Amino acid sequence: MGERRHRIAVIAGDGIGPEVTAQALKSMEAAAARCGFTFEANRYDLGGERYLATGEVLPDSVEEELAGHDAILLGAVGTPDVPPGVLERGLLLRLRFDFELYVNLRPVKLFPGVPTPIAGLTPERCDMLVARENTEGPYAGTGGTLRKGTAAEVAMQDSVNTRFGVERIVRFGFEQALARRRRLALGHKTNVLIHSGGLWHRTVYELAEQYPDVEVDYAHVDAMCLYMVNSPEQFDVIVTDNLFGDIITDLGAAIQGGMGLAASGNLNPERNYPSLFEPVHGSAPDITGRGWANPVAAVLSAAMCLSHLGENEAAEAVEDAAAAVLPTMEAMAGPGMGGTTDSLGDRIAEAVAGG
Ligand code: NAI
Ligand code: MG
């Protein structure tokens, strides 16, 4: 058997990004030692600080280098002085579009011992997987502005939905459902968004014929928010469009215990490009430098990265280690967390090594 070696690009980013990414890397190193693979972590200095210093967001040459990796680990980007949209469109969305990261995969899982704002909710009742379309919808960037800044301003922000784009994310959702509890729910707003909703709905029910073992369901996305809170046990895999997915996964993060726990993967399932793994949260400038950032979301994102690289034993070890530390944390974020970002990262890495 040949040596298993992975090339990982690391964009630690701004604010708490570097703080939590350091903990994710500790866990990956412990997992590598335990499971017998190696990886190189190549750091890329991108984000708000770089933009403010040089005006650069993502130079073409850097994007080319990123493309040569097996995966990308990202902390968070954004500083208060960077105008909105610069990093989102210029870095995050650009990588999603250019690297065809058409799946934004966000598990919504309540781990044992984690306080949830939903009274009486138990881990058995909360294990959902949201597969959000990540390259189209209202985030495609089409539209325009007329007579900007005047009383007669016109703003158009189109939603782009292609059969090709919808079909590939829906198929991914069905495949995930097959490997889980075999249920797929589409969230949309077909009663109002008849054009895009119609395409999504038809695509789901047409593909369903190829997946007779998967039970298919549909909910209007507003009602879905209600069900996710009242009866999350009815959901296994949820598939939805870019904007709806962005919104319902923040709700999911709240249900599972907060932003400090929510992990995500931006996937190119065909592996033509590296997939990118990041916590759902941002750079949290309000707590940067205090040791208050919960590292678990970044660590769980690293576990998703390991799973994507085929290191399933390592992925499981890292997720289990994070899960084992969670019940020892008094609060899921902030000063009452039962340790600092760094000390919690150490405890998780020790659990990976010793487990
Ligand atoms: P945010 O997620 O950074 O913070 C929201 C709230 O959650 C803050 O009170 C923060 O302290 C808290 N929080 C976030 N992560 C935490 C953690 N791991 N542990 C403990 N508390 C945590 O979102 P916000 O404030 O809207 O954005 C701040 C900056 O981050 C902005 O520049 C924004 O553009 C950027 N951002 C970047 C993202 C990315 O890189 N993918 C995603 C979201 C926001
Ligand atoms: Mg979001």
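In each ligand, atom 1 is the first atom listed, and ligand 1 is the first ligand listed. All values reported here derive from a predicted model rather than from experimental measurement. Values reported hereafter were calculated over all heavy atoms of this structure, with side chains retained and with hydrogens, waters and symmetry mates removed.
- Among G48, S283, G334, G15, the residue whose heavy atom lies closest to atom 30 (O) of ligand 1 is S283.
- Between V114 and L261 the shortest side-chain heavy-atom distance falls below 4.5 Å.
- Those atoms of ligand 1 with a heavy atom of I16 less than 4.0 angstrom away are 15 (N), 16 (C), 17 (C), 18 (N).
- Side-chain atoms of R132 come within 3.5 Å of backbone N or O of N242 as a donor-acceptor pair.
- Which parts of ligand 1 touch A76 is read off a 4.0 Å heavy-atom cut-off, strictly below it: atoms 40 (O).
- A heavy-atom separation below 4.0 Å is not found between M332 and ligand 1.
- Between C126 and I255, some side-chain heavy-atom pair lies under the 4.5 Å cut-off.
- Close to ligand 1: I287, with a non-hydrogen atom less than 4.0 angstrom away.
- Heavy-atom contacts of E88 reach the following atoms of ligand 1: 34 (O) (cutoff under 4.0 Å).
- Every atom of ligand 1 with a heavy atom of G78 under 4.0 Å away is listed here by number and element: 32 (O).
- Taking a cut-off of under 4.0 Å to the non-hydrogen atoms of L92, the atoms of ligand 1 that pass are 39 (C), 40 (O), 41 (N).
- At a heavy-atom distance under 4.0 Å, only side-chain atoms of D286, from C-beta outward, approach ligand 1.
- A salt bridge links E311 to R4: one of the charged nitrogens lies within less than 4.0 Å of a carboxylate oxygen.
- Between the choices P295, A331, A284, A333, the shortest heavy-atom distance to atom 4 (O) of ligand 1 belongs to A284.
- Minimum interatomic distance between H308 and L267 (heavy atoms only, all atoms of both residues): ND1-CD2, 4.3 Å.
- Electrostatic pairing of D346 and K26 counts as a salt bridge here, judged by a charged N lying under 4.0 Å from a carboxylate O.
- For the pair G75 and ligand 1, the shortest N or O to N or O distance does not fall below 3.5 Å.
- Scanning A262, G282, P84, G85 for the heavy atom closest to atom 38 (C) of ligand 1 points to G282.
- Interface atoms of ligand 1 facing A293, defined by a heavy-atom separation under 4.0 Å, are 19 (N).
- Annotation for ligand 1: atoms under 4.0 Å from non-hydrogen atoms of P285 are 28 (C).
- Any N or O atom pair closer than 3.5 Å counts here, and G260 shares no such pair with ligand 1.
- Ionic pairing of E100 and R168 is present here: one or more N-O contacts between side-chain nitrogen and carboxylate oxygen are shorter than 4.0 angstrom.
- In the hydrophobic cluster analysis, where Ile, Leu, Val, Met, Phe, Trp and Tyr join through side-chain heavy atoms closer than 4.5 angstrom, I16 is grouped apart from V10.
- Of all non-hydrogen atoms in H69 and I8, the two that sit nearest each other are CD2-C, 3.6 Å.
- Side chains of L184 and V239 form a contact here, defined as non-hydrogen atoms less than 4.5 Å apart.
- Y273 and Y102 are assigned to two separate hydrophobic clusters, defined by single-linkage of ILVMFWY side chains at heavy-atom distances under 4.5 Å.
- Residue A297 places no heavy atom under 4.0 Å from ligand 1.
- Any N or O atom pair closer than 3.5 Å counts here, and V77 shares at least one such pair with ligand 1.
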